[in-house]
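Every chain is numbered from 1 and lettered A, B, ... according to where its sequence line falls, protein lines coming before strand lines.
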2 protein chains.
Amino acid sequence: MKNHDKIYNTAVEATLEVIGGKWKPVILFHLTFGKKRNNELKSLIPVITQKMLTQQLRELEEEGVILRISYNQVPPKVEYELTDYGWSLKEILHLMCRWGDSHIERKYGGRATVLSNPQLKDVYDI
Amino acid sequence: MKNHDKIYNTAVEATLEVIGGKWKPVILFHLTFGKKRNNELKSLIPVITQKMLTQQLRELEEEGVILRISYNQVPPKVEYELTDYGWSLKEILHLMCRWGDSHIERKYGGRATVLSNPQLKDVYDI
DNA sequence: CAGCATCCGTGCAGATACTG
DNA sequence: CAGTATCTGCACGGATGCTG
């Protein structure tokens, strides 16, 4: 063993440092369907507050998984998109979505609704 | 639309309800290598407190992804293992582990260590 | 060994108001 | 439109001590 700057017990923990935030997987998941503006994300995630959204976006940006594109214009226009690195999370995120789908079906039968992931039906056969 | 007991914006959220706890993915990950006793989990996750460990285990049990096996003996012996349903999370968990590995490499180069996931090296070629 | 009970602090996250 | 700034509360999680 050498001097370490950082010690993990499991590599899973390293992943959680990046996508472990309360809304991060959800935000990233939506971005796997293309770049989104601030308001679009708010519409897709109605229950999140603006503060939380901005906060989580900033952290994701710092980790290098998303890119913030600010067009200098009035009114302001900002778009968020996955970086190449961020795209490497797609498999995990879509797997989480598909698992969630089957979990909902198992737990609630038909007594639950998922508002905004119709796209996945086109991507996979579910 | 009909009356719903539950509404999700994304199925990802349903997944997060199950594995979204601070330590849940880590605990579940360890269990993908076989049943573990309370103390074994504590050794594998040194920084977790007993309280948190118990709490997270209970919640995982309630969700039906792990099973608590209590042998009625003195001293007590309790084992935790994945249910069949819990096993369906394996792909996500191992994907998270592998992504974490590459993330650590990318972010820290050699200046970080992962203590306890040698098993994965045998399972996959990494 | 496995775990519960209790106390306690902090930090996460909500609500509201304001800005370039 | 896309944010900041500030105040606030409560629940999450840590530390400690006790139990079957």
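- In terms of modelled atom types and a separation under 3.5 Å, the side chain of B:Thr83 and the main chain of B:Leu67 share no donor-acceptor contact.
- Two end axes, each from the C1' atoms of five base pairs, can be drawn for the helix from C:dC1-D:dG20 to C:dG20-D:dC1; they diverge by 60°, to 10 degrees.
- Rounded to whole angstrom, the span from the NZ atom of A:Lys35 across to the C1' atom of D:dA2 amounts to 17 Å.
- A salt bridge links B:Glu63 with A:Lys107: the distance from a Lys NZ or Arg NE/NH1/NH2 to an Asp or Glu carboxylate oxygen falls below 4.0 Å.
- B:His103 and A:Tyr8 have their aromatic ring centers separated by at least 6.0 angstrom.
- The pair A:Glu17-A:Lys6 counts as a salt bridge, with a side-chain nitrogen and a carboxylate oxygen less than 4.0 angstrom apart.
- For DNA chain C, the span of nucleotides reached by chain B at under 4.0 Å from its heavy atoms goes, 5' to 3', from C:dC1 to C:dC4.
- Cation-pi check for A:Arg37 over A:Tyr80 is not met; the charged atom does not lie both under 6.0 angstrom from the ring centroid and within 45 degrees of its normal.
- The side chain to side chain contact (heavy atoms under 4.5 Å, CB included) test with A:Val26 singles out one residue from A:Ile45, A:Leu31, A:Leu93, and that residue is A:Ile45.
- Between B:Trp99 and A:Tyr85, the gap from one ring centroid to the other is short of 6.0 Å.
- The pair B:Glu40-B:Lys35 fails the salt-bridge criterion, with no side-chain N (NZ, NE, NH1 or NH2) lying under 4.0 Å from an Asp/Glu carboxylate O.
- Note that NZ of A:Lys24 and CD1 of A:Ile66 are 10.0 Å apart. Values are rounded to the nearest 0.5 Å.
- In this structure, A:Gln73 atom CD and D:dA2 atom C1' are separated by 12 Å, rounded to whole Å.
- Salt-bridge annotation for A:Glu91 and B:Arg98: absent, with no side-chain N of the basic residue lying under 4.0 Å from a carboxylate O of the acidic one.
- Between the P atom of D:dC12 and the NZ atom of B:Lys22 lies a distance of 12 Å, rounded to the nearest Å.
- Near DNA chain D, meaning a heavy atom under 4.0 Å away, the residues from residues 48-72 of chain A are A:Gln50, A:Thr54, A:Arg58, A:Arg68.
- Both B:Pro75 and A:Pro76 lie close to DNA chain D; mapped to their nearest nucleotides by heavy-atom distance, the more 5′-ward contact belongs to A:Pro76.
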